[in-house]
Amino acid sequence: MDDLGAQEQAVLDLIAANPFAGQQDIATALGIARSTVAAHIVQLINKGYILGRGYVLPASKRMVCIGGAVLDRKYHAKKDLIFETSNPVDGHRSFGGVARNVAENLARLGVDISFVSIVGEDETGRALVRHLRDFGADVSQVITTTERPTAEYAAILDRNNDLVLGIADMEIFDLFLPSYLDRFWPHLASATWVFIDCNLPAATIAALISRKHGARFRLAVDTVSSPKSARLPKDLAGIDLLFTNHDEANAMLGVTDADKRLTPEGAAAGLRAAGAAEVIVTAGAHGFAVATESGVTAMRSVPAQAVDITGAGDAMIAGTLYKVLSGEPVAHAVRTGALLATLTTESESSVHPDLSPRFLAVGMYRIPA
């Protein structure tokens with residue numbers, strides 16, 4: 001690029017990092033006048049380095065994942081746990097967060113994926129973003145803050161690999177304000193699907209659902225936990241696909257009496273009646289229910305030889321969205337989601353380290369008829 005001046009190169013670098021950057025954003029970043037930026041862009045077009053922001057078309061099928069990005073710490077008990085004393089464990093650290101896990105799964109499957117979250121100005125945050133970038137995800141819209149450290153989650157698993165206790169430092173996500181939507185809205189508006197998790201504040205979720213009505217993308221949502229499911233509005237209209245588990249579904253429907261708990265099928269129907277276009281309610285090894293305009297169907301999970309259940313729900317979401325993005329109806333796509341959930345439990349990682357389109361295709365024989 002010997003024919004580029006220093007400022008032209010700097011402008012080109014910023015556009016390459018964020019194709020949606022405005023001229024004023026570039027001018028502010030470089031400390032030059034907006035008119036100077038405009039002149040450089042004209043020269044870059046003339047020299048063939050860019051096509052022009054107004055003429056760049058989005059990919060035909062693109063997914064954006066917004067939400068949790070977390071450092072996961074897992075501790076597997078070597079013996080039966082004894083409370084109020086020290087216990088020997090095997091420790092493992094990895095990157096997690098529902099939206100981040102979904103994004104990595106999809107990136108490994110070759111999906112054109114963008115990831116949006118908020119991380120601390122720390123080495124954990126930088127490593128987390130770099131890790132996703134290395135898999136081909138677009139991380140240009142990730143927000144960095146000095147107000148809180150990157151989120152962390154610690155899970156203590158018993159000898160049977162069942163979760164005994166989970167603790168989380170997630171206050172950084174409270175800083176993900178609705179105003180941030182303006183910053184990356186063009187990124188969302190050009191997507192085919194947008195997936196969010198309920199780690200986002202209620203106001204941000206409400207703002208996104210409200211603005212979504214004027215956009216062309218479809219919206220998928222995961223409730224994350226019973227307390228966080230309360231961040232969704234009572235009227236679920238605007239949500240095209242809702243992922244939740246049996247406990248969270250009952251909590252959203254206001255069912256607190258154990259004797260009156262709805263079945264997964266009943267809960268799925270109830271959430272669809274509340275406005276969600278399609279709903280998937282999971283019940284672990286007991287299967288899941290899918291509610292669409294065609295009715296409610298109970299389905300079996302794929303039998304597993306589980307090593308670690310962490311990330312299974314996120315894999316279910318990713319596998320389903322992977323097939324939905326390719327044109328399959330939800331009722332069929334969720335079968336691939338169930339398979340990927342099982343494959344993930346059979347590894348020690350929250351995202352299966354061998355995941356690829358071929359790896360997933362090889363496992364298809366395991367899906368129950």
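Heavy-atom minimum distance, K74 versus S349: NZ-C, 3.9 Å. Across A207 and L181, no two heavy atoms sit closer than the pair CB-CD1, 3.8 Å. Of all heavy-atom pairs spanning V102 and A318, the tightest one is O-CB, 4.0 Å. The two residues N199 and F173 make their nearest non-hydrogen contact at O-CB, 3.3 Å. Closest approach of Y322 and P357 over heavy atoms only: OH-CB, 3.8 Å. Nearest approach of A215 to W185, heavy atoms of both residues: CB-CZ2, 4.1 Å.
A distance of 10.0 Å separates CG in D354 from CG in L343, rounded to the nearest 0.5 Å. Atoms CD1 and CE, on I280 and M299 in that order, are 8.5 Å from each other to the nearest 0.5 Å. Interatomic distance, CG of L106 versus CE of M63, reported as 5.5 Å (0.5 Å rounding). In this structure, CD in Q23 is found 5.0 Å from CZ in R34, a value given to the nearest 0.5 Å. For the atom pair CD1 of I196 and SG of C65, the computed distance is 11.0 Å after rounding to the nearest 0.5 Å. From L262, atom CG reaches atom NZ of K260 across 11.0 Å, with rounding to the nearest 0.5 Å.
Ion pairing between E328 and R335 fails under the 4.0 Å rule for side-chain N and carboxylate O. Salt bridge annotation for D112-K61: absent, with no cationic side-chain nitrogen under 4.0 angstrom from a carboxylate oxygen. Salt bridge present: D182 and R211 bring a charged side-chain N and a carboxylate O closer than 4.0 Å. K78 has a carboxylate O that lies under 4.0 Å from a charged side-chain N of D90, or vice versa, which qualifies the two as a salt bridge. Of the charged side-chain nitrogens involved, at least one lies within less than 4.0 Å of a carboxylate oxygen, so that E121 and R126 count as a salt-bridged pair. Using a 4.0 Å cut-off between charged nitrogen and carboxylate oxygen, E278 and R272 do not count as a salt-bridge pair. The existence of a salt bridge linking R261 and D247 is confirmed by a sub-4.0 Å separation between a basic side-chain nitrogen and an acidic carboxylate oxygen. Look at R62 and D138 and you find no salt bridge, because none of the NZ, NE, NH1 or NH2 atoms lies under 4.0 Å from a carboxylate O.
When the shell of 6.0 Å around CD of E293 is examined, it contains 12 or fewer heavy atoms from other residues, nucleotides or ligands.
Inter-residue side-chain proximity for L355 and N105 is flagged as met; some heavy-atom pair is nearer than 4.5 Å. Side-chain atoms of R148 and D169, non-hydrogen and from C-beta on, do get closer than 4.5 Å to each other. With a 4.5 Å cut-off on side-chain heavy atoms, S229 and V224 do not count as touching. Contact check for P233 versus I209: side-chain heavy atoms found under the 4.5 Å cut-off. Contact check for V129 versus T144: no side-chain heavy atoms found under the 4.5 Å cut-off. Using a 4.5 Å heavy-atom threshold, the side chains of L81 and R159 count as separate. Two residues are said to be in side-chain contact when any heavy atoms from C-beta on lie closer than 4.5 Å; I172 and D174 fail this criterion.
Residues D122 and T150 have side chains that bring a donor and an acceptor to within less than 3.5 angstrom of each other. A donor and an acceptor atom, one from each side chain of R218 and T192, are nowhere located under 3.5 Å apart. N87 and K79 share no side-chain donor-acceptor pair at under 3.5 Å. H246 and T282 share no donor-acceptor pair across their side chains, judged by distance under 3.5 Å alone. There is a side-chain donor-acceptor pair under 3.5 Å between T223 and E248. There is no side-chain donor-acceptor pair under 3.5 Å between R366 and T342. Under the 3.5 Å distance criterion, with hydrogens and angles disregarded, no donor-acceptor pair is assigned to the side chains of N160 and D162.
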*Under the side chain to side chain contact (heavy atoms under 4.5 Å, CB included) rule, what do V362 and L360 come out as? Steps first, then yes or no, please.*
CA-CA 5 Å; V362 168; L360 190 59; over 6 Å; no

*Under the side chain to side chain contact (heavy atoms under 4.5 Å, CB included) criterion, do R216 and S190 qualify, and how do the steps go?*
CA-CA 7 Å; R216 68 185 181 93; S190 61; 4.3 Å; yes

*Take S226 and M252 through the side chain to side chain contact (heavy atoms under 4.5 Å, CB included) test and state the conclusion after the steps.*
CA-CA 8 Å; S226 293; M252 292 179 68; over 6 Å; no

*asked:* side chain to side chain contact (heavy atoms under 4.5 Å, CB included), that's the test. Do D197 and V221 meet it? Break it down for me.
replied: CA-CA 6 Å; D197 66 36; V221 179; over 6 Å; no

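If you chain together hydrophobic residues whose side chains sit under 4.5 Å apart, V334 and L340 fall into the same group. Hydrophobic clustering (side-chain heavy atoms under 4.5 Å, transitive across Ile, Leu, Val, Met, Phe, Trp, Tyr) groups I239 together with V279. Residues F217 and L242 share a hydrophobic cluster, clusters being chains of Ile/Leu/Val/Met/Phe/Trp/Tyr side chains in contact below 4.5 Å. Put simply, V116 and L200 are part of the same group of oily side chains (I, L, V, M, F, W, Y) that touch within less than 4.5 Å, one to the next. Linking Ile, Leu, Val, Met, Phe, Trp and Tyr residues whenever their side-chain heavy atoms come within less than 4.5 Å places L188 and I143 in a single cluster.
Y75 and H92 have their aromatic ring centers separated by at least 6.0 angstrom.
F243 and F195 have perpendicular rings, their planes meeting at more than 60° on a 0 to 90° scale where under 30° would count as parallel.
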